[in-house]
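To find a chain, count down the sequence lines: A is the first, B the second, and so on, and within it residues start at 1.
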Protein chains: 2
Amino acid sequence: MDFSYTEENYLKTIFKIGLDNGTEEAGTNELAASLSVKPASVTEMLKKLKSKKLVHYEKYGKIKLTKPGRELAIDVIRKHRLWETFLYEKLEFSWDEVHEVAEELEHIRSKKLINKLDQFLRYPEYDPHGDPIPNEKGVFQKQSKKTLSKAEPGTSCKMVAVKDNSTSFLQYVVSLGLGINNKIKVIAREEFDGMMTIEINGENKSVSQKFSDNIIVI
Amino acid sequence: MDFSYTEENYLKTIFKIGLDNGTEEAGTNELAASLSVKPASVTEMLKKLKSKKLVHYEKYGKIKLTKPGRELAIDVIRKHRLWETFLYEKLEFSWDEVHEVAEELEHIRSKKLINKLDQFLRYPEYDPHGDPIPNEKGVFQKQSKKTLSKAEPGTSCKMVAVKDNSTSFLQYVVSLGLGINNKIKVIAREEFDGMMTIEINGENKSVSQKFSDNIIVI
DNA sequence: TATATTTGTTAGGTTAGCCTAACTATTATA
DNA sequence: TATAATAGTTAGGCTAACCTAACAAATATA
Ligand SMILES: [Mn+2]
Ligand SMILES: [Mn+2]
Ligand SMILES: [Mn+2]
Ligand SMILES: [Mn+2]
């Protein structure tokens, strides 16, 4: 069976929200916000996805992916991350440029293409933003859920991924001298608004909670 | 300005039919057949393309691309052929598998992507089917219009490209022991139905007019 | 527990791209 | 040059994916 780009985007987004929430479930409004559509459009699409047995859903209830729905979502994520890796590794894109193009490439329908691309890239495990790449079977490393904002002052941690993939955020990360696998030392954290002072390569920087919420660490 | 996949496919097809006809013009029915839609759909789309100044068109008249329309068509063709080359050269696709996937990839919208891909492939001039690849400026080699069917018995020619890109045709070409840049000697041609006896690598083969119409030679 | 807020649904409309059936214009042929 | 064949258009309908406005259910809060 073949699904539209729109259906694929809904499934991918449900999966991501589910991960984020820890519950594997998503709500109509959340989904609408994330897809930049109105809640009414989501309700409509949910009926279709349900009739195609891709989601579990009852009126006014939470949204959850079925097994085939989850498999499809993971496949789209696999394609997205492999394409980002290709753009970054082979075509000299910077990490803040890859996401937007991958958002289109992730929908190209060819099993052979994606598996050959995987091979060509030598089966990478992580994309340029530190996110794990599912293998052909849909298996991938569990990702840390700890964000920089939850790191204790006085401790050190390692940045392993970013949550936000937008150009503006990623460029800001770079401008702070930060990158994947960098060590971050938390100097101080303001209780009032979550502002943090962190040490990167011996230099002290001040970052907002909105920022530190988007840095995944271990 | 940004155009839909559908609009891009119409422009590309008008361009190709125009080339084929030698007149740079296309008719409604021709276009419909080539796009596998009904003539009524074409008429409707022509109104839209005209309002966007991509085609010259008057009711009951021939269809011709405007300058921006032609540029766009050539850009789509450039992308198509570069992606085919990528699949063939880098991902080990066979030449009969690349066309279908490229039909999707040709619509990915990123100037940077396609120019970096071009560079990555070292600026190839021909795709796996022998078709010339337009450069960034839209310039490309003029292609021979002579087909094997027009070659004189007793003469030899070189196969430089194929017209049909379908899997079934291309696999048949391979099964005959033929490929791009192969020498073909015309042994005989039947006036009645255009059947030809040709010599390939010392072996004689019999091919139909439908076949020889799809082999471009010099 | 009553009420306010948040969350989600329904009804009715739009646009892009497609269709069929009926029609009209153009071109070829007798 | 009349008529048949071909080419192209119009009218009216359909589906996917979106929207707004009005409404209903669920949840939080006084
Ligand atoms: Mn991304
Ligand atoms: Mn997408
Ligand atoms: Mn092709
Ligand atoms: Mn196409």
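Each of Lys59(B) and Tyr5(A) was assigned the nucleotide of DNA chain D with the nearest heavy atom; the assignment lying further toward the 5' end belongs to Lys59(B).
Across dG8(C), dC18(C), dC18(D), the shortest atom-to-atom separation from the side chain of Thr6(A) is found for dC18(D).
Here the C1' atom of nucleotide dA16(C) and the NZ atom of Lys47(B) are 15 Å apart, to the nearest Å. The distance from atom CD of Glu8(A) to atom P of dA16(D) is 16 Å, rounded to the nearest whole Å. Distance Ile63(B) CD1 to dA7(D) P: 13 Å, rounded to the nearest Å. Regarding Phe3(A), its CZ atom lies at a distance of 17 Å from the C1' atom of dT15(D), rounded to whole Å. What separates OH of Tyr57(A) from C1' of dT7(C) is a distance of 11 Å, to the nearest Å. Note: CE (Met45(A)) to P (dT15(D)) measures 16 Å, nearest angstrom. Atom NZ in Lys62(B) sits roughly 8 Å away from atom C1' in dA7(D) (whole-Å rounding). Atom CD in Glu58(B) sits about 17 Å away from atom C1' in dA7(D), given to the nearest Å.
Within residues 20-42 of chain B, the residues approaching DNA chain D are Gly27(B), Thr28(B), Asn29(B), Pro39(B), Ala40(B), by heavy-atom distance under 4.0 Å.
Residue-environment remark: NZ (Lys53(B)) stays at or below the threshold of 12 foreign heavy atoms within 6.0 Å.
Note that Lys90(B) lies outside the cation-pi zone of Phe86(A), set by a 6.0 Å cut-off to the ring centre and a 45° limit from the axis. Cation-pi contact between Lys112(A) and Phe93(B): present, with separation from the ring centre below 6.0 Å and deviation from the ring axis of at most 45°. Taking the ring axis of Tyr57(B) as reference, the NZ or CZ atom of Lys64(B) does not stay both within 45° of it and closer than 6.0 Å to the ring centre.
A salt bridge links Glu71(B) to Lys67(B): one of the charged nitrogens lies within less than 4.0 Å of a carboxylate oxygen.
A heavy-atom distance below 4.5 Å is not found between the side chains of Ser212(B) and Arg189(B).
Backbone-only contact: Tyr10(A) has heavy atoms under 4.0 Å from sugar-phosphate atoms and none from a base.
Ring orientation note: the planes of Tyr5(A) and His107(A) are close to parallel, at an angle under 30° on the 30°/60° scale.
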